[in-house]
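Protein chains get the first letters and strands the later ones, always in sequence-line order, with residue 1 at the start of each. If you're wondering where the values come from, they're calculated on a predicted model, not measured in any experiment.
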2 protein chains.
Amino acid sequence: MGFEFAPRTLSLLSHAETICAGRGVRLTDLRRQVLGLIVQSEAPTGAYELLDRLRATRHNAAPPTIYRTLDFLLENGLVHRLERLAAFVPCIAHDHPREQAHEPGCENPGHAAQFLICRRCKRVVEIADPALADALAEAAGRAGFTLGQTTIEAEGICAACDAAGK
Amino acid sequence: MGFEFAPRTLSLLSHAETICAGRGVRLTDLRRQVLGLIVQSEAPTGAYELLDRLRATRHNAAPPTIYRTLDFLLENGLVHRLERLAAFVPCIAHDHPREQAHEPGCENPGHAAQFLICRRCKRVVEIADPALADALAEAAGRAGFTLGQTTIEAEGICAACDAAGK
DNA sequence: GCCGCGTTGTTCCAATGTAGCATCCATGAC
DNA sequence: GTCATGGATGCTACATTGGAACAACGCGGC
Ligand SMILES: [Zn+2]
Ligand SMILES: [Zn+2]
Ligand SMILES: [Zn+2]
Ligand SMILES: [Zn+2]
């Protein structure tokens, strides 16, 4: 069934179709719809806010509905979870020039990413800085640590808000 | 009133006294006791687990008791909160050779720190790597971002577990 | 058709965190 | 000493976030 989406949303959604096809997993209506809700949001969105919006079209959605769907999207690298906000943003890795490959043995398909969160407009910038990832890997190595998944998030003021804000 | 603490705990506690005296805030019995519980823990500890332990001696403690106390300890840089775990660890900044100064205008007294979390033994290593902090500051700068507080946490396997684990 | 398995529905519950207001108590002014 | 003040704590109730367990559905291959 068809839902109405903006061009950018459609682009990310079609990319998601490609990803899922390549991984042999099913991007169902529910999953596509939740991904669409996340992509359409200007700011990171909490699970229960997504649930509320989902209920506009899917009356019987419940917490497990949204959490299972989010798990799927996370496992397949289509969205990220911001730990500081307990909220979700779409992954825009395909906007990056070269998608960062994972070190072997890392179970999670999501790439290593970093996030800049504007405390004023609430918007988030996803970056994938190899220097940053390397610096963390090196610091971990010095501590004798075998690195798994990493969380790098910073809160601050984005360029637009900085310019606007006097 | 006196509680029984191990030497390491006493050392961190006396350091906390110094910090609070210098900042003109009061390290009350409750706050000292909660800090002691956190320091005594081998692994990061959740708020409700701290609350349970606190109730052994303070029967009428409730969620606000522990959260307000944790807020105080966080505001004064005596503990850290691990976002990935929703749990708390003592700050060991005074163990570092030089305590990292804050960039001016940063409201929070806590220093910039990074954490390595062992998924096997659950222990956490706090590091304060200037190269890592700088790399993030630089990446933020390139994105036109004015940096505030940062969260850098990595999950993995610590050296001890790596050696022990076959 | 029928089975098998992944997906979704449904109910209930666990864990984490906060608002609002009352009470207590340490401190300093008088 | 007394009293006023403001911070610290007690206390009730609630909000938010997340997950367990089991039933029902539905699309594949056979
Ligand atoms: Zn991404
Ligand atoms: Zn902004
Ligand atoms: Zn610290
Ligand atoms: Zn370990």
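Scanning for side-chain contact (heavy atoms from CB on, under 4.5 Å) contacts around A:Thr45 gives A:Ser41, A:Glu49, A:Leu50, A:Arg53, with sequence neighbours left out. Looking at residues two or more places apart in sequence or on another chain, you find a side-chain contact (heavy atoms from CB on, under 4.5 Å) between B:Thr28 and B:Arg26, B:Leu30, B:Arg31. Under the rule for a side-chain contact (heavy atoms from CB on, under 4.5 Å), the partners of B:Thr146 that lie at least two apart in sequence or sit in another chain are A:Ile157, A:Asp162.
Electrostatic pairing of A:Asp29 and A:Arg32 counts as a salt bridge here, judged by a charged N lying under 4.0 Å from a carboxylate O.
Following rounding to the nearest Å, B:Leu70 (CG) and D:dA8 (C1') show an atom-to-atom distance of 15 Å. If you take CZ of B:Arg32 and C1' of D:dT9, they are 15 Å apart, rounded to a whole angstrom. Atom CG in B:Leu85 sits about 19 Å away from atom P in D:dT17, given to the nearest Å. Here the P atom of nucleotide D:dG10 and the CG atom of B:Leu30 are 6 Å apart, to the nearest Å. One atom, CZ of B:Arg31, and another, P of D:dG10, lie 11 Å apart when rounded to the nearest Å.
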Annotated protein contacts, base or backbone, on nucleotides 19-30 of chain D with a non-hydrogen cut-off under 4.0 Å, one of B, S, - each: BBB---------
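Hydrophobic cluster membership differs between B:Phe88 and B:Val124, with clusters built from Ile, Leu, Val, Met, Phe, Trp and Tyr side chains linked at under 4.5 angstrom.
What you find for B:Arg55 and B:Ala62 is that their closest heavy atoms are NH2-CA, 4.0 Å.
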Identify all side-chain donor-acceptor contacts of residues 133-145 of chain B below 3.5 Å with residues at least two apart in sequence or on another chain.
residue	atom	partner	partner atom	Å
B:Arg142	NH2	A:Asp129	OD2	2.7

CA sep, side-chain torsions, deciding dist, call: A:Thr57, A:Gln33, side-chain hydrogen bond (donor to acceptor under 3.5 Å, both in side chains): CA-CA 10 Å; A:Thr57 62; A:Gln33 196 178 348; 2.3 Å; yes
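Along DNA chain C, the stretch of nucleotides lying under 4.0 Å from any heavy atom of chain B spans, 5' to 3', C:dT16 to C:dA26.
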